[in-house]
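Report on one structure; see the data block that follows.
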2 protein chains.
Amino acid sequence: MATGRTHRPATRSRGIPEATVARLPLYLRALTALSERSVPTVSSEELAAAAGVNSAKLRKDFSYLGSYGTRGVGYDVEYLVYQISRELGLTQDWPVVIVGIGNLGAALANYGGFASRGFRVAALIDADPAMAGTPVAGIPVQHADELEKIVTDNGVSIGVISTPAGAAQQVCDRLVAAGVTSILNFAPTVLSVPDGVDVRKVDLSIELQILAFHEQRKAGEEAVGGSSVDPAAPPVRAATDSSRKGPDGDVPAVMPA
Amino acid sequence: MATGRTHRPATRSRGIPEATVARLPLYLRALTALSERSVPTVSSEELAAAAGVNSAKLRKDFSYLGSYGTRGVGYDVEYLVYQISRELGLTQDWPVVIVGIGNLGAALANYGGFASRGFRVAALIDADPAMAGTPVAGIPVQHADELEKIVTDNGVSIGVISTPAGAAQQVCDRLVAAGVTSILNFAPTVLSVPDGVDVRKVDLSIELQILAFHEQRKAGEEAVGGSSVDPAAPPVRAATDSSRKGPDGDVPAVMPA
DNA sequence: TCATGTGAATACATTCACAGCA
DNA sequence: TGCTGTGAATGTATTCACATGA
């Protein structure tokens, strides 16, 4: 059983802050769109708007990569596309395996955004023998027994887990043992991995819960504060409030000892 | 066309930091698992391990909610489940609509994590007339023409967009016009929404790109530094480095003016 | 003259370390 | 005694505002 940590402590990577790394793909997407429209140069202001960030942040981000702009002019689109791609490692080929070909796994296999960014789906793997051989997105599904061989033969270093939660840790352990050092986890579980292995997780339910939190606040403010829409209103206590030092609202099902 | 901003400026919400809000669902999941195993109490240390964070962070997070623990003992599992659920707004019913029933939309419709957390899939919507009436996850798909009526009739305030990128902004505008104030976006586009509307995005390709960045660094360090695995090694320049003030490695396709 | 690039200032988040209470 | 709850210290990220140079 793996005992290692799950989340590496967000250390800087070659001097580039994590927060910046996480935004580079966003910039790249916006730049790619400009490139397709044959736009030659772009200002930090324009590009920031296209990427949905503010321009100061964008300039600071780019400053970590180097001085790739021209003062008084802006950035050369093609050049920046290249530089960011190189920084992200997208100028090389990344074979990935997707384990767990249910609805989500199939969606991932069909997702065009992978292929267009240097990612190549090397194999689809599922534990169900009945699926073996069935093509999904033009790629035949292989049985889980083949996992180690597939990883080794294809030099796979990135694995995607879209299995049910119960199977995820076991699949993860096998992927890691076979040589995978980066994992994208869609299963709603915390994965334990040894040091040196990166895990990123996408949890659909968690995103909805965060939205629900803010949605609830809006409803509360509305009931107490302004009549309909007044986003500039100061934080007010919601109708169902009570928060700190024990509730005075609804009675919980169980009280602490 | 909407002109509003996309990302609200990460303001605190009733004094609870965003970073904390984003972890509450994680704690809730771990607590639910404990609850199902009928574990009565849990220490910050144990719960932190189960959620994949460190215990100081967890205690600080809980301190924003109130003093729900017992010194020398720990936290009452059922009580905490209730408090966090209430804080996140999961004690009420949230009808959601999913727009775009392709592979991903179907996966979302089938995802069990929704129903178990107060989220109810009120409707599935797709632009393809051929899909109308076809049940997905037991829910018949409705045509996009019905969108406004569905949102209004069901009091939907949360919408999920799993359409192709090209359709996303238009769908978003219609959802917002119909009264939706929180959107979970799976399409690889930046959505523009008016103030007061929350957008969270999940981009599969972006997550992979972030992994690729770190993966590339590992490969670089390995080649230059220690022979195989030495995560404690200081940051060294990768073989393909050059970074600041112009590249000296591979020649880019286009140079700036 | 204009937009980049960047120190300095601010805001936010995490971690430490221990007082306080069951 | 043991674990929570929290001020203080540290680390990270964002924003400001302007010097710099094409």
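In what follows, chains are A, B, ... by sequence order, proteins preceding strands, each numbered from 1. Keep in mind that the numbers below use all heavy atoms, side chains included, and drop hydrogens, waters and symmetry copies. Everything numeric here is computed off the predicted structure, so don't read it as measured data.
For Arg71(A), the side-chain atoms get nearest to dA22(D) when compared with the rest of dC16(D), dG2(D), dA22(D). Candidate nucleotides dA13(D), dG7(D), dT4(D) were compared by shortest atom distance to the side chain of Ser44(B), and dT4(D) ranks first. Closest to the Asn54(A) side chain, of the nucleotides dT15(C), dG5(D), dT15(D), is dT15(D). Relative to the side chain of Ser43(A), the nucleotides dA3(C), dG5(C), dT6(D) differ in distance, and dA3(C) lies closest. Taking the side chain of Lys60(A) as heavy atoms from C-beta on, and the options dA8(C), dC16(C), dA13(C), the nearest nucleotide is dA8(C). Distances were taken from every side-chain heavy atom of Glu18(A) (C-beta onward) to each of dA13(D), dG5(C), dC16(C); the shortest belongs to dA13(D). Listed nucleotides: dG5(C), dA8(C), dA19(C). Nearest to the side chain of Ser63(A): dG5(C).
To the nearest angstrom, P of dT6(C) lies 14 Å from CG of Leu58(A). Going from atom CZ of Phe62(B) over to atom P of dT14(C) covers 14 Å, rounded to whole Å. Separating the CD atom of Glu45(A) from the C1' atom of dC16(D) is a distance of 14 Å, rounded to the nearest angstrom. Spacing between atom CD of Gln83(A) and atom C1' of dG5(C) amounts to 16 Å, rounded to whole angstrom units. For the pair Glu46(B) CD and dG2(D) C1', the computed distance is 13 Å after rounding to whole Å. Separating the OH atom of Tyr64(A) from the C1' atom of dG5(C) is a distance of 12 Å, rounded to the nearest angstrom.
Comparing Arg59(A) and Val73(A) against DNA chain D, the residue whose closest nucleotide sits nearer the 5' end is Arg59(A).
Between Leu80(A) and Leu47(A) there is a side-chain heavy-atom pair separated by less than 4.5 Å.
Between Lys57(B) and dT15(C) there is a side-chain N or O to OP1 or OP2 distance below 4.0 Å. The side chain of Tyr75(B) contributes no N or O atom lying less than 4.0 Å from OP1 or OP2 of dA22(C).
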query: Do Tyr111(B) and Phe114(B) pass the ring pair (Phe, Tyr, Trp, His ring centres under 6.0 Å) test, and can you show the C-alpha distance, the side-chain angles, and the key distance before you say yes or no?
result: CA-CA 6 Å; Tyr111(B) 181 53; Phe114(B) 288 0; 5.1 Å; yes

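No more than 12 heavy atoms of other residues, nucleotides or ligands sit less than 6.0 Å from atom CD of Gln170(A).
Minimum interatomic distance between Glu87(B) and Leu65(B) (heavy atoms only, all atoms of both residues): CG-CD2, 3.7 Å. In terms of heavy-atom proximity, Gly159(A) sits nearest to Val180(A) at N-CG1, 3.7 Å.
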